[in-house]
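One structure is given below, encoded as structure tokens.
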Amino acid sequence: MSIIKRIAVLTSGGDAPGMNAAIRAVTRCALAQEWDVLGVRRGYAGLVEGDVEPLTGRSVSNIMQRGGTMLGSARCPEFEAEDTRRNALRRLQENRVDALVIIGGNGSQTGALALAQMGVPVVGVASTIDNDLAGSEVTIGVDTALNIALEAIDRLKTTASSHQRAFLVEVMGRKCGYLALMAGIAGGAEVVLIPERETSPEEVARQLRAAYEHGKRHALAIVAEGAQYNAGKLDAWFRVHSAKTGFDLRTTTLGHVQRGGTPTAFDRLLGTRFGAGAVAALKRGEQGVLVGLNEGRITTTPLAQIVGVQKVIDPELFRLASILE
Ligand code: F6P
């Protein structure tokens with residue numbers, strides 16, 4: 001096991017509320033081991049350029065309650081190229097970094113695995129509002145994003161009731177329907193459209209109409225952005241068929257609003273536990289692993305076992321949503 005004197009930490013991909021709590025915990029737990037800590041700005045892009053700053057206990061104070069990431073983040077498709085990764089490796093050597101903590105989702109952990117395979121001691125931290133990363137039942141940011149979506153849904157239901165309207169609400173999640181399914185269950189939707197379970201526009205219209213037939217004053221469909229019929233396509237279908245649907249419909253796409261919130265208590269605690277878990281894993285000599293939460297415990301899973309693996313939504317949740325719809 002090599003001796004660690006200095007680590008670096010970066011946040012990459014889409015930002016997620018709770019990332020700051022993870023940065024803070026990584027920094028303070030590493031300092032407690034008497035390791036130096038460097039913060040890498042703008043994710044992999046900053047890593048390749050050697051854009052780093054020393055982090056102290058003070059520099060990470062007063063960040064936990066803030067959404068986003070104090071280090072900045074970036075999408076960096078260039079990191080797929082071997083040359084770019086070699087530059088990153090050189091920068092790490094120049095800065096005498098002994099280990100790297102990478103906080104992010106699927107794309108970020110793919111980069112983490114590539115670095116691990118080049119011999120860099122890397123630990124990943126599961127963070128994405130999509131909750132689509134295998135190796136952790138829950139990821140940093142999804143709880144806050146879900147709460148933001150629910151607040152918007154509750155507000156839309158108020159105006160929907162006043163006008164006896166139906167609403168289509170599109171939530172994020174990339175190719176994963178987790179956020180939409182949870183928002184649908186917790187938001188009392190009539191129907192949820194997700195990539196994992198196709199629903200035709202005719203069926204959506206039938207379910208929304210049924211809500212009125214049961215005496216409701218509004219009807220709600222939650223649509224995952226990755227669903228075959230996303231909000232745009234569904235909205236177009238309803239425009240063409242408006243004469244026979246029998247109700248007035250409006251569409252709202254929540255978009256990046258879902259990523260910009262103040263982290264919930266859950267995400268602050270999860271970020272903190274994951275950050276501490278990453279330092280503990282490095283201290284134990286683990287590398288090339290992802291820190292996650294499984295069955296209530298902080299776990300590590302080899303990155304090689306989770307990268308490229310599609311996370312499966314618990315079928316029980318589909319069943320529950322169907323009963324409640
Ligand atoms: O992965 C998080 C996420 O917010 C997805 O839900 C969404 O599809 C994507 O990022 C948006 O990416 P960008 O912020 O680069 O537009």
Side-chain angles (χ1 to χ4, degrees), residues 10-22 41-46 66-80 102-113 124-153 168-184 186-187 192-196 222-234 251-264 267 270-271 274 290 292 306-311 313:
L10 64 82
T11 49
S12 156
D15 63 350
M19 278 182 160
N20 278 331
R41 299 191 194 96
R42 297 176 294 115
Y44 287 113
R66 298 196 197 138
T69 157
M70 69 163 280
L71 292 173
S73 190
R75 306 264 181 220
C76 185
E78 300 80 20
F79 207 73
E80 284 169 28
I102 295 176
I103 304 168
N106 270 307
S108 312
Q109 303 310 336
T110 305
L113 176 61
V125 168
S127 175
T128 162
I129 67 154
D130 302 333
N131 201 25
D132 61 348
L133 187 59
S136 187
E137 286 168 3
V138 63
T139 53
I140 295 172
V142 64
D143 184 65
T144 307
L146 184 55
N147 277 289
I148 294 169
L150 284 174
E151 190 188 335
I153 288 165
L168 298 177
V169 182
E170 184 180 282
V171 300
M172 279 187 161
R174 213 176 275 279
K175 297 225 164 68
C176 175
Y178 180 87
L179 205 47
L181 193 61
M182 295 300 106
V192 182
L193 288 93
I194 54 176
E196 294 86 345
I222 304 292
V223 189
E225 66 175 353
Q228 190 200 359
Y229 277 92
N230 61 11
K233 284 190 189 154
L234 258 191
T251 299
T252 300
T253 298
L254 296 182
H256 288 82
V257 160
Q258 292 156 101
R259 274 203 342 229
T262 301
T264 57
D267 277 327
L270 192 67
F274 279 7
L290 178 81
I306 60 110
V307 167
V309 172
Q310 198 188 345
K311 187 175 189 175
I313 298 181

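Just so you know, ligand 1 is whichever comes first in the structure, and atom 1 is the first atom listed for that ligand. Everything numeric in this text was worked out from a predicted model, so none of it was measured.
- Under 3.5 Å, the side chains of Asp267 and Thr144 contain a donor-acceptor pair of N or O atoms.
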Only pairs under 3.5 Å count here: list side-chain donor-acceptor contacts from residues 70-80, not counting sequence neighbours, and write none if there are none.
| unit_1 | atom_1 | unit_2 | atom_2 | d |
| --- | --- | --- | --- | --- |
| Ser73 | OG | Gly13 | N | 3.1 |
| Ser73 | OG | Gly13 | O | 2.5 |

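- For the pair Ser136 and Gly292, the tightest heavy-atom approach, listed with the atom from each and the gap, is OG-CA, 3.3 Å.
- Applying the side chain to side chain contact (heavy atoms under 4.5 Å, CB included) test to Lys233 and every residue at least two apart in sequence or in another chain returns Tyr229, Asn230.
- A 6.0 Å sphere centred on NZ of Lys311 holds more than 12 heavy atoms belonging to other residues, nucleotides or ligands.
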Contact table, ligand 1 N/O with protein N/O, distance under 3.5 Å:
| unit_1 | atom_1 | unit_2 | atom_2 | d |
| --- | --- | --- | --- | --- |
| ligand 1 | 1 (O) | Asp130 | OD2 | 2.6 |
| ligand 1 | 1 (O) | Arg174 | NH2 | 3.3 |
| ligand 1 | 4 (O) | Arg259 | NH1 | 2.8 |
| ligand 1 | 6 (O) | Asp130 | OD1 | 2.6 |
| ligand 1 | 6 (O) | Gly173 | N | 3.1 |
| ligand 1 | 6 (O) | Glu225 | OE2 | 3.3 |
| ligand 1 | 8 (O) | Glu225 | OE2 | 2.5 |
| ligand 1 | 10 (O) | Arg75 | NH2 | 2.9 |
| ligand 1 | 10 (O) | Arg174 | NH2 | 3.4 |
| ligand 1 | 10 (O) | Arg259 | NH1 | 3.1 |
| ligand 1 | 12 (O) | Arg75 | NH2 | 3.0 |
| ligand 1 | 14 (O) | His256 | NE2 | 2.9 |
| ligand 1 | 14 (O) | Arg259 | NH1 | 2.9 |
| ligand 1 | 14 (O) | Arg259 | NH2 | 3.0 |
| ligand 1 | 15 (O) | Arg75 | NE | 2.9 |
| ligand 1 | 15 (O) | Arg75 | NH2 | 3.4 |
| ligand 1 | 16 (O) | His256 | NE2 | 3.1 |

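- Here Asp15 pairs with Arg259 under the side chain to side chain donor-acceptor pair (under 3.5 Å) rule; sequence neighbours left out.
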